Amino acid sequence: MPEPVLHDLTVVVLAAGAGTRMKSRRPKVLHEIGGRSLIGHVLAAVEVAGPRQVVTVVGHEREQVAAHVTAVAPHAVLAVQEQQLGTGHAVHVGLGAVSVERGTVLVAYGDTPLLTGESLRDFVAEHEAAQRAVSVLSGVVENPFGYGRILRDEDGEVLGIREQKDTLGDEADIREINSGIMAFEAGFLLDALPRLGNDNHKGEYYLTDLLGMARDAGLMVGAHVLDDVDQTEGINDRVQLAQRARLLNDRILDHWMREGVTIVDPRNTWIDATVELACDVTLMPGVQLLGATRVASDALIGPDCTLKDTEVAAGATVVRTHAELAVIGADAQVGPFSYLRPGTQLGAGGKIGGFVETKNAQIADGAKVPHLSYVGDAEIGEGANIGAGTIFANYDGVAKHRSRVGRHAKTGSNNTFVAPVDIGDGASTGGGTVVRGQVPPGALAVSAGRMRIIEGWALAKRDGTPQADAARDAE
């Protein structure tokens, strides 16, 4: 199906509410699921619809919300609703911040993170093709209690919207509900908004009243039934936040599995909406892929990994690892129980092994840090091997310093490199060595003295202990 061509579309995103049921110091629309804020998901969906301009109406905690909107959607215009006097008033405030003379105005809500751009695009396309003054995005649900019902006549034409408290007779049994998302012909909307009344128990201006005003004027109205009505569900509390997060994650997993990714245990795998995966990636149980993480083909991730803003190249294996702002090269191996902190770069065929922590470290192709080490502020050359229990002592109490280990260097176990040090290409260090300066290429650095043996020490110094008894029995 070809993509509909939209023209002169203005989108108004309503995000001024307090969201008191979240019981949070953070504004509701800034709570996150799937790697984005609630309003971040909405603004991303809106972009797919191809708007000429986007207006976000803020109110409660406006400074926080406005700053976030500007960060994720710099092109969006901000409008401030000083008093929350209903959806009609909010849209009136929003349109006052931009220039609108013709075209379509789409009204969306900042707490509907499952809404997709494709659904919005189809909704607006139908609205424009039918030349309606007002269109409502609706859906059919099993339990419509609490929702406004879409009223239709015998021919299926939309008559109006009846709120739950106002339903009469069989109207309460109607399962087609109003999502609140609406599209308007701009000329009608600009003319009708100033005439909205607030004669209701809340004293608010309701956008839904415009549907009746359009019908009274003999204009076309209608509803676009969305098959996936969950897309229009808002979030009001932490329970719904968790429910929508699970539903969004299920959809993301379904998408990637259909794109050729193997996910062994979907119930225990979480992937942000911003993650990119190639075909033939395999994700084992307990994997979380967050932020801008990208994984190339034939990579194996897991079990039990959390990767945030991390790049994994083709064929790499990452097991029981936490990584953030790291780069893992092709066919490299990481884990188990590894911690890759920001600035870690592991080259192709390299290895970061068990119980290794790295930070701001460049580990070249084929280089290995196999186990029980800390590598911070360091450059490790191609093919080098770092012995077990090695510490790069990069901090002198005031400043941090870098160290370099050359190509194909071999360092012994339990080494300490007191930065800044430079270990030359092909050099070696002995076990237990403390390196405090430069080691020339091909040289061996040893700092430990010759071993001494003191006979009879246990009997002389530990007499009466099991240690001394064992030594006596061995004589």
Side-chain angles (χ1 to χ4, degrees), residues 12-46 56-73 76 78-91 93-94 107-115 139 141-148 163-165 177-181 200-208 229-252 267 270-274 288 290-291 306 308:
V12 180
V13 179
L14 304 185
T20 54
R21 280 182 280 173
M22 295 296 287
K23 296 183 178 179
S24 175
R25 294 185 300 274
R26 182 190 303 181
K28 178 175 72 170
V29 296
L30 299 190
H31 284 262
E32 296 182 357
I33 64 172
R36 291 188 179 121
S37 65
L38 304 185
I39 195 170
H41 283 288
V42 175
L43 290 169
V46 161
T56 302
V57 180
V58 299
H60 178 72
E61 298 289 353
R62 69 191 67 170
E63 293 84 3
Q64 292 183 53
V65 178
H68 179 73
V69 169
T70 299
V72 301
L78 295 167
V80 177
Q81 187 184 23
E82 297 288 352
Q83 292 180 283
Q84 280 69 68
L85 300 177
T87 53
H89 178 255
V91 171
V93 169
V107 178
Y109 293 82
D111 66 345
T112 55
L114 301 184
L115 191 63
V141 297
E142 288 297 323
N143 180 13
F145 183 81
Y147 292 97
E163 297 301 324
Q164 169 73 39
K165 64 183 180 303
I177 56 96
N178 168 38
S179 72
I181 299 168
N200 52 66
H201 72 287
K202 286 189 175 181
E204 295 183 350
Y205 300 89
Y206 294 137
L207 204 61
T208 50
V229 70
D230 286 333
Q231 289 187 33
T232 67
E233 291 284 350
I235 292 176
N236 293 306
D237 57 32
R238 307 293 181 119
V239 174
Q240 292 177 341
L241 187 72
Q243 292 170 341
R244 303 296 184 272
R246 168 59 71 180
L247 187 54
L248 176 61
N249 190 64
D250 288 345
R251 295 179 180 195
I252 293 171
R267 296 301 295 175
W270 290 82
I271 303 176
D272 279 353
T274 47
Q288 297 182 78
L290 311 176
T306 298
K308 182 178 181 182

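Treat the numbers as computed from the prediction; the structure is a model and nothing was measured.
- Partner of Leu14 under the side chain to side chain contact (heavy atoms under 4.5 Å, CB included) criterion, chosen from Thr56, Val107, Val42, Ile39: Val107.
- Contact annotation: the side chain of Tyr109 approaches that of Thr87 to within less than 4.5 Å [non-hydrogen atoms, C-beta and beyond].
- One finds the CG atom of Leu38 at 4.5 Å from the CD1 atom of Ile235 (value rounded to the nearest 0.5 Å).
- Checking His31, His68, Glu32, Arg26 one by one against Ser37, the side chain to side chain donor-acceptor pair (under 3.5 Å) holds for a single residue, His68.
- Side-chain atoms of Gln288 do not come within 3.5 Å of backbone N or O of Thr306 as any donor-acceptor pair.
- A salt bridge is absent between Lys28 and Glu61; no separation between the charged side-chain nitrogens and carboxylate oxygens falls under 4.0 Å.
- Taken from CG in Asn236 to CG in Asp111, the straight-line distance is 6.5 Å, to the nearest 0.5 Å.
- Using a 4.5 Å heavy-atom threshold, the side chains of Val58 and Val29 count as separate.
- Closest heavy-atom contact between Pro27 and Gln64: CD-OE1, 3.3 Å.
- Nearest approach of Lys23 to Arg238, heavy atoms of both residues: O-NH2, 3.4 Å.
- By the 4.5 Å heavy-atom criterion applied to side chains, Thr208 and Glu163 are counted as neighbours.
- Residues Met22 and Leu241 meet the side-chain proximity criterion, which asks for heavy atoms closer than 4.5 Å.
- Put simply, CG on Leu247 and CD on Gln240 are 12.5 Å apart, with the number rounded to the nearest 0.5 Å.
- The minimum heavy-atom distance between Ala79 and Val93, with the atom names listed, is CB-O, 3.9 Å.
- With Asp230 as the partner, the side chain to side chain contact (heavy atoms under 4.5 Å, CB included) test is satisfied by one option alone out of Arg251, Gln243, Arg244: Arg251.
- Here the NZ atom belonging to Lys202 is positioned 12.0 Å from the CG atom belonging to Leu85, to the nearest 0.5 angstrom.
- Ile181 has its side chain within reach of Leu115: a pair of non-hydrogen atoms, C-beta onward, lies under 4.5 Å apart.
- Annotation for Pro113 and His41: closest pair O-CB, 3.5 Å, computed over non-hydrogen atoms.
- Lys308 places none of its side-chain heavy atoms less than 4.5 Å from the side chain of Asp272.
- Judged by distance alone, the side chain of Asn178 and the main-chain N or O of Tyr147 form no donor-acceptor pair under 3.5 Å.
- Of all heavy-atom pairs between Thr112 and Thr232, the closest is CG2-O, 3.5 Å.
- Within the model, atoms CZ of Arg36 and CG of Leu30 stand 15.0 Å from one another, a figure rounded to the nearest 0.5 Å.
- Of all heavy-atom pairs between Gln81 and Gln84, the closest is O-NE2, 2.9 Å.
- Within 6.0 Å of CZ in Arg246 there are more than 12 heavy atoms belonging to other residues, nucleotides or ligands.
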